[in-house]
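Report on the following structure.
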Amino acid sequence: MPKILIIDDERSIRYTLKEILEYENYTVDEAEDGERGLELLQKSKYDVVLCDIKMPKMDGMEVLERATALVPDTPFIMISAHGTIDTAVEATKKGAYDFLVKPPDLNRLLVSVRNALDKAHLVTETKTLKKKISKTYEMVGSSAALGKVKSAVAKVAPTDARVLITGPNGAGKELVARSLHEQSNRSQGPLVEVNCAAIPSELIESELFGHEKGSFTSAVKQRIGKFEQAHGGTLFLDEIGDMSLSAQAKVLRALQEHKITRVGGDKDITVDVRVVAATNKNLLEEIEAKNFREDLYHRLSVILIHVPPLNERREDIPALVEKFLQDVARDYGNKPKKISPEALTYLKGLDWRGNVRELRNVVERLVIMSEDTITEDDAKSYAK
């Protein structure tokens, strides 16, 4: 049952609001002034706060400012008998969800409370989902090799330096890119991913920079490209070694001038994007073979981070297996299975040419094919 706090120095107002809200099945607490209201906010969790503006000791605006530091996600609905547009604007700027004039209209009050509850629920849900996503894409392991990667990410992430991530397929380059974004000052902005190898060369420019309506046969409407979508955030160019030379030239211009032009357009569009790139190819060899621009390579590789193959950090396998057991159980809605020490030892001794991605697939196979505890025999039968 949602819990609401009323902060108002007028007893009659508190009584009326409480009676209305309790009739709607809300749990209601009262505070006769701002100081008492802040005490209750520190002791209990409230879903919504109704707060008067004109009160003795501490006015509602000060309560709102202090509460924003204490409980930033709790929506405040401010109430005042002397409501003006200026007061409403000031309250909103300080973080209030809504502003009502005394005596509040009953329907308006209930709608505002319901909407505030919906907003609070969405905020909580979003935070929970972000935590789940962060755990899903967490870099798991305590090996020295992975430690170097984590250390580099921690140092580079707060900057806007461009990063080139190298390493074999399945080693976790995408995880490094996500960690760079999540630990950066752009974490509230979008992370836009582009798999350069999966897009035909004739479409890559449209994908990255967008196109104007009628710019080519199938361009039936305007399209916003990935650079524009990533404005204010991070653009992750995966498998950049497979990008066509013509697209490379345009990416180079975007990095140099922070501007792009849509295919078929003639207007420059300013973009604020941090570019993180990844490849499983040796770009220096690609440069020698005239498949990759040297000037673009130097623009992208301000910081180089190499993700080692799983065979070079076998001590991380037990932690990775445990994480994947939890992930698979969550995906299937089952209780996580256990794995015997002998089975783990066997897995550590295998050749993981497919790296972490292959290990994840093997763990899922073992979960499906094994009983409650995965044995060494199970690992020998199903791991390869």
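Bear in mind the structure is a predicted one, so any value in this text is a computation, not a measurement.
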Can you list the steps and then say if D9 with E32 is a side-chain contact (heavy atoms from CB on, under 4.5 Å)? CA-CA 5 Å; D9 61 317; E32 66 278 3; 5.9 Å; no

Measure the CZ-CG distance between R14 and L50 for me, rounded to the nearest 0.5 Å. 13.0 Å

Hey, what do you get for CD1 (I6) to OH (Y46), rounding to the nearest 0.5 Å? 10.5 Å

Contact summary for G37 and L5, nearest pair of heavy atoms: O-CD2, 3.8 Å

Below 4.0 angstrom, N of the basic side chain to O of the carboxylate: do E212 and K267 qualify? no

Taking 4.0 angstrom as the limit, do E90 and K93 come out as a salt bridge? no

Are L235 and L296 connected into the same hydrophobic cluster when the rule is that any two of I, L, V, M, F, W, Y join if their side-chain heavy atoms are below 4.5 Å apart? yes

Pair L17, Y15 - check side-chain contact (heavy atoms from CB on, under 4.5 Å), show working. CA-CA 6 Å; L17 292 176; Y15 175 80; over 6 Å; no

May I have all residue pairs that pass salt bridge (Lys or Arg N to Asp or Glu O under 4.0 Å) and include part of residues 235-254, sequence neighbours excluded? E205-K250, D242-K281, R253-E257, R253-D268

Any donor-acceptor N/O pair, N355 side chain to N169 backbone, under 3.5 Å: yes

Donor-acceptor contact present, side-chain H181 to main-chain V192, <3.5 Å: no

Side chain of H231, backbone of D272: donor and acceptor closer than 3.5 Å? yes

Has K337 got a side-chain atom pairing as donor or acceptor with S370's backbone, closer than 3.5 angstrom? yes

Keeping K173 on the side-chain end and G167 on the backbone end, is there a donor-acceptor pair under 3.5 Å? yes

Are the side chain of E286 and the backbone of F292 linked by a donor-acceptor contact shorter than 3.5 Å? no

Under 3.5 Å, is there a donor on one side chain and an acceptor on the other for D378 and T375? yes

Under the criterion side-chain contact (heavy atoms from CB on, under 4.5 Å), I'd like the reasoning laid out for Q248 against L245: C-alpha separation, chi angles, the key distance, then a yes or no. CA-CA 5 Å; Q248 289 178 35; L245 286 168; 3.7 Å; yes

Treating Ile, Leu, Val, Met, Phe, Trp and Tyr as nodes and any side-chain heavy-atom pair under 4.5 angstrom as an edge, say whether Y382 and L320 lie in one connected cluster. yes

With no hydrogens and no angle check, is any side-chain donor or acceptor of D47 less than 3.5 Å from a backbone partner on K3? yes

Could you check whether the rings of F216 and H211 sit parallel, tilted or perpendicular, using 30° and 60° as the cut-offs? perpendicular

Qualifying side chain to side chain donor-acceptor pair (under 3.5 Å) pairs, either residue in residues 300-315, two or more places apart: T166-H306, N311-R314, N311-D351, R313-D316

Between the side chains of D8 and K18, is the shortest nitrogen-to-carboxylate-oxygen separation below 4.0 Å, so that they form an ion pair? no

M78 and T92: side-chain contact (heavy atoms from CB on, under 4.5 Å), yes or no, with the steps? CA-CA 9 Å; M78 307 304 290; T92 304; over 6 Å; no

Is a side-chain N or O of W352 found less than 3.5 angstrom from the main chain of P309, in a donor-acceptor match? no

Lys/Arg-Asp/Glu bridge criterion (N-O < 4.0 Å) met for K380, D377: no

State plainly whether the residues R360 and D331 are in salt-bridge range, i.e. N to O under 4.0 Å. yes

Heavy-atom donor-acceptor pair, R162 side chain to R299 backbone, under 3.5 Å: yes

Under a 3.5 Å distance rule, please check whether S112 uses its side chain to pair with a backbone N or O of R108 as donor and acceptor. no

